[in-house]
Protein chains: 2
Amino acid sequence: MLLHSGSLRKGNKTMNTNFEHYRIFYYVAKYGNLTKAATVLHTSQPSVTRTIHNLEKNLNCRLFERSKVGMKLTPEGEVFYEYIAAGCAQFFKAESNLSDMLSLENGTIYVSATETALHCYLFQAMESFNEQYPNVHFKILNNSTRKSINIVKEGNVDFAVVSAPFQIEKPLQQKVLRKYHDILIGGKRFEKLKGQKFLSSNLPNILGSV
Amino acid sequence: MLLHSGSLRKGNKTMNTNFEHYRIFYYVAKYGNLTKAATVLHTSQPSVTRTIHNLEKNLNCRLFERSKVGMKLTPEGEVFYEYIAAGCAQFFKAESNLSDMLSLENGTIYVSATETALHCYLFQAMESFNEQYPNVHFKILNNSTRKSINIVKEGNVDFAVVSAPFQIEKPLQQKVLRKYHDILIGGKRFEKLKGQKFLSSNLPNILGSV
DNA sequence: ATGAATTACGATTAGCGTAAAGATC
DNA sequence: GATCTTTACGCTAATCGTAATTCAT
């Protein structure tokens, strides 16, 4: 039979851990490059290299192999990185999650919308949204489809709800909310057109000929 | 249709995040008590309370409700804590894992063992272990089962491998490695005992009567 | 009066940035 | 010479600990 008292004697040395160092380590390992990591971290290379050295000293373990081309993880560093990366991911999620919660607790959302979109969709959508998030306010700008797209592109609104067909460029994204069709309503003079089919582009000619 | 340029305007403010603060937060949230957290963190209450205040300021969000009885998480803090706790767990795993790896790369394991355990199990186990971890050395102490248990309790060896029945106390753990039974070998004088069954406790009497 | 958080203050130290130095292609 | 990492050095800012304060049981 085997019996033991808990942890092996070597493991007793308590680690002088600073989680902030793990964040630095994460980026260095991720990019394999001090310079790049420093840029992303908005700090200087010397600062990063010192932190890594301190970390290695505290952990009592070489984490990187240095070379001309950059920083390569040692086998131990590799394993360590797996866990650190997972931890960082959780922290990032914590941050973005909190950020989302806060932005929904108060603040203003800027929207550009066509009149059609406003009446057919947006009013109703805002109403139900505000039931859940009563402290979020909307700033509505009534614009044409074309104008709406432009001010989204300029960053002056958070998004736009439009009703006419359009084409968007690279960074923008679109989502179809619903399809609709126009209904032509006319007086007796147009009665004979009832039931006929024609292209909407031809509409002016047809109406003119009546 | 809805189109947007990426992120909402409120989210642009970059968080001034310091992972070390999350570690502090974790313990405060876990214990709901600054004093306790400070003790565990080997620091002072003022230090902890300041860190939490800084964190809340940086996140722009109240994480705790303070009261006479301690620190209670706000709803936002609650959600935040879930993620932070998960992240911390990963970091802790990273640390303990690395620590294990390092202790297996070099070092000495102290073992107490009975002679039986040594020959029947330990020699062979050490041999195959050292194939994988050639730089780990063993220090073997040959002791009785009783003595072995005592020096495990005293922390003078990492574990013991024993062969006689025993009882262990609170902090110690045991694991059965294999079962075995003794075989009695006697001369012609004991031939008539062959095939008979009797309790080993009664052995002295039986042997004496032959 | 005990046990909690907070504030104040002085001291320490850990971290930062600039600049320079190695190292390697 | 270009592109890395590392060292040196002076400084700033973040953190710390002690002690005092506040508040509620």
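Every chain is numbered from 1, with letters handed out A, B, ... down the list of sequences.
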Self-check item: Candidate nucleotides D:dT5, C:dA5, C:dG17, ranked by approach to the side chain of A:Gln45 - the nearest
Solution: D:dT5

Practice problem: Could you check how far NE2 of B:His53 sits from C1' of C:dA4, rounded to whole Å? | Solution: 13 Å

Practice problem: To the nearest Å, give me how far apart NZ (B:Lys68) and P (C:dA4) are. | Solution: 14 Å

Practice problem: Just call it for B:Ser44: base, sugar-phosphate, or nothing, with non-hydrogen atoms closer than 4.0 Å on any strand. | Solution: base

Quiz item: For A:Gln167, does the CD atom have more than 12 heavy-atom neighbours from other residues, nucleotides or ligands under 6.0 Å away?
Solution: no

Quiz item: To the nearest angstrom, how far is B:His21 atom NE2 from C:dA14 atom P?
Solution: 15 Å

Quiz item: Rounded to whole angstrom units, what separation is found between the CG atom of A:Asn18 and the P atom of C:dT13?
Solution: 16 Å

Quiz item: What is the distance from CD of B:Glu20 to C1' of D:dA13, rounded to the nearest Å?
Solution: 16 Å

Quiz item: Would a distance-only check, ignoring hydrogens and angles, find a side-chain to backbone donor-acceptor pair under 3.5 Å from A:Asn142 to A:Ala113?
Solution: yes

Exercise. Identify which nucleotide among D:dC16, C:dC16, C:dA4 has an atom closest to any side-chain atom of A:Thr51, counting heavy atoms from C-beta outward.
Key: C:dC16

Quiz item: Can you tell me how far P of C:dC16 sits from CD1 of A:Ile52, to the nearest Å?
Solution: 12 Å

Quiz item: Any donor-acceptor pair under 3.5 Å linking the side chain of A:His119 with the backbone of A:Glu115?
Solution: yes

Exercise. Give a yes/no answer on whether the side chain of A:Thr35 brings an N or O atom under 4.0 Å of OP1 or OP2 in D:dT5.
Key: yes

Quiz item: OP1, OP2 of D:dG17 versus side-chain N and O of B:Thr43: anything below 4.0 Å?
Solution: yes

Quiz item: Can you tell me if CD on A:Gln124 sees more than 12 non-hydrogen neighbours from other groups inside 6.0 Å?
Solution: no

Self-check item: Given D:dT15, C:dC16, C:dT6, the nucleotide with the shortest approach to the side chain of B:Asn54
Solution: D:dT15

Quiz item: Which residue, B:Arg50 or A:Thr49, contacts DNA chain D at a nucleotide closer to its 5' end, judged by nearest heavy atom?
Solution: A:Thr49

Practice problem: For the pair B:Tyr83 and A:Asn97, evaluate side-chain hydrogen bond (donor to acceptor under 3.5 Å, both in side chains) and give the outcome as yes or no after the intermediate values. | Solution: CA-CA 9 Å; B:Tyr83 289 93; A:Asn97 213 294; 3.0 Å; yes

Quiz item: Which nucleotide sits closest to the side chain of A:Ser47: D:dT6, C:dA5, C:dG17?
Solution: C:dG17

Practice problem: Could you pick out which residue, B:Pro46 or B:Asn33, lies toward the 5' side of DNA chain C when each is mapped onto its nearest nucleotide? | Solution: B:Asn33

Exercise. Report the distance from atom NZ of B:Lys72 to atom P of C:dA5, rounded to the nearest whole Å.
Key: 15 Å

Quiz item: Separation of A:Leu34 atom CG from D:dT6 atom C1', in whole Å?
Solution: 9 Å

